[in-house]
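A short write-up of the structure that comes next.
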There are 2 protein chains.
Amino acid sequence: MDIDRELKKRQLKVTPQRQAILKVLSQSDAFINAQNLYTKVLEVLPGTNFSTVYRNLDTLVSKDLLCRISRENGGDLYKIRSEEGHHHHVICKGCGATIVIEFCPMDTIREKLEDVGFVPTDHRFEIYGYCKKCKDKSMGNI
Amino acid sequence: MDIDRELKKRQLKVTPQRQAILKVLSQSDAFINAQNLYTKVLEVLPGTNFSTVYRNLDTLVSKDLLCRISRENGGDLYKIRSEEGHHHHVICKGCGATIVIEFCPMDTIREKLEDVGFVPTDHRFEIYGYCKKCKDKSMGNI
DNA sequence: CCTCCAATTGCAACTTATTTGCATTTGCAT
DNA sequence: ATGCAAATGCAAATAAGTTGCAATTGGAGG
């Protein structure tokens, strides 16, 4: 991933902080929370402020550079948006690894909603569980 | 809904606070957040402590008396679990009203996950938008 | 290369949502 | 009526994220 290019494409300034954040995120496609990300960013660019990280997570999500999901009783999680277009995720609760799925349940249900006059604006579909590697382990570090 | 009966069935003590919480929740099937619920509970049972409300929300969700969803950048929302068994929700962003749908996308995707050795433990599927009534209004009070 | 200015950052204080420890009270089984 | 685990109230603590503002800086244009 050409970080500088992706930032410029979206008219965002190329700052060391953004480079650090995207560098960390691009090194894995697992979901990570803001605090853990912040810790890792500090290793790449010591002195970075956490509000800068939070602000940029918002910015980068809104510019479609990151995917964000939120869980019950847990903070939001982020990862690099490597796929183009609409998709959903299968997320391993052991290692955080993700599988992207193209299947979208809205395709099945949209028409039924129209029948009752409901206009969908957005939706969530996420699957949690354990990947092949993490099966039989109970790490729970997500 | 027979509140006392449902509590006893789950070996939970019947307290005025729980009765108040469930009374408020059972009067509507819209999702509501903990703070708003707390305010309404105070009208029914003044003096109730907010930590009691929070603790009971957790308890009641774990005992399958309530449904909980969480949104990006917002707290969790709760409603009475009126349907038996597994189901998903369509939620109006205008008035909070919900439609229960029996359709579950896992039926479609489960087999494909098995093929790659992924063991799903739980999933989320929620649809947000505007119901017939709230269309053309931009209330955004959810 | 230099200048300028809006965008970005650092800092610290604040907010919001929720949780926890502990003493007190209470539902309910016996 | 009694005993005790469960539940509550209170206050303080925590976690996660946000905000105002002054200082800094990326990068477009000269």
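For clarity, every value in this text was computed on a predicted model and none was experimentally measured. Lettering of chains follows the sequences in order, A, B, ..., and the numbering in each one begins at 1.
- Considering every non-hydrogen atom in both B:A30 and B:K79, the closest pair reads O-CB, 3.6 Å.
- If you take CG of B:L45 and C1' of C:dT26, they are 14 Å apart, rounded to a whole angstrom.
- Protein atom CD1 of A:I21 is 13 Å distant from nucleotide atom C1' of C:dG10, rounded to whole Å.
- Distances shorter than 4.0 Å separate some side-chain N or O of A:T15 from OP1 or OP2 on C:dT9.
- Side-chain N/O atoms of B:T52 include none lying less than 4.0 angstrom from OP1 or OP2 on D:dA7.
- Proximity note for A:A34 (side chain, C-beta onward) versus C:dG10, D:dG17, D:dG27: the nearest is D:dG17.
- Following rounding to the nearest Å, A:L60 (CG) and C:dT8 (C1') show an atom-to-atom distance of 13 Å.
- Ranking D:dG9, C:dT18, C:dG27 by closeness to the B:K13 side chain, first place goes to C:dG27.
- Note: CZ (A:R18) to P (D:dG26) measures 11 Å, nearest angstrom.
- A donor-acceptor contact closer than 3.5 angstrom links the side chains of A:Q19 and A:D4.
- Across all strands shown, B:N56 has heavy atoms under 4.0 Å from sugar-phosphate atoms exclusively, and none from any base.
- Taking atom CG on A:L12 and atom C1' on D:dT25, their separation rounds to 15 Å, with Å as the unit.
- For D:dG9, one of the phosphate oxygens OP1 or OP2 lies less than 4.0 angstrom from a side-chain nitrogen or oxygen of B:Q17.
- Taking every heavy atom of both residues into account, B:L57 and B:A34 meet most closely at CD1-CB, 3.8 Å.
- Taking atom CG of B:L57 as the reference point, atom P of D:dT8 lies 12 Å away to the nearest angstrom.
- Base pairing annotation: D:dA22 forms a Watson-Crick or G-U wobble pair with C:dT9, both donor-acceptor distances under 3.5 Å.
- Side-chain nitrogen and oxygen atoms of B:Y54 include none within less than 4.0 Å of the OP1 or OP2 phosphate oxygen of C:dT19.
- Checked by atom type, the side-chain pair B:H88/B:H123 shows a donor-acceptor distance below 3.5 Å.
- Proximity of A:H89 to A:I127: side-chain heavy atoms (C-beta onward) are nowhere separated by under 4.5 Å.
- When rounded to the nearest whole Å, the span between CG of B:L77 and P of C:dA17 equals 11 Å.
- For A:S51, counting side-chain heavy atoms from C-beta on, the closest listed nucleotide (D:dG27, D:dG9, D:dT18) is D:dT18.
- Heavy atoms of B:R55 sit under 4.0 angstrom from at least one base atom.
- Each of D:dG26, C:dT18, D:dA7 was ranked by its minimum atom distance to the side chain of A:P16; first place goes to D:dG26.
- Atom CD in B:Q35 sits roughly 9 Å away from atom P in C:dT16 (whole-Å rounding).
- Residues B:K8 and B:F50 both approach DNA chain C. Their nearest nucleotides, taken by heavy-atom distance, put B:F50 toward the 5′ side.
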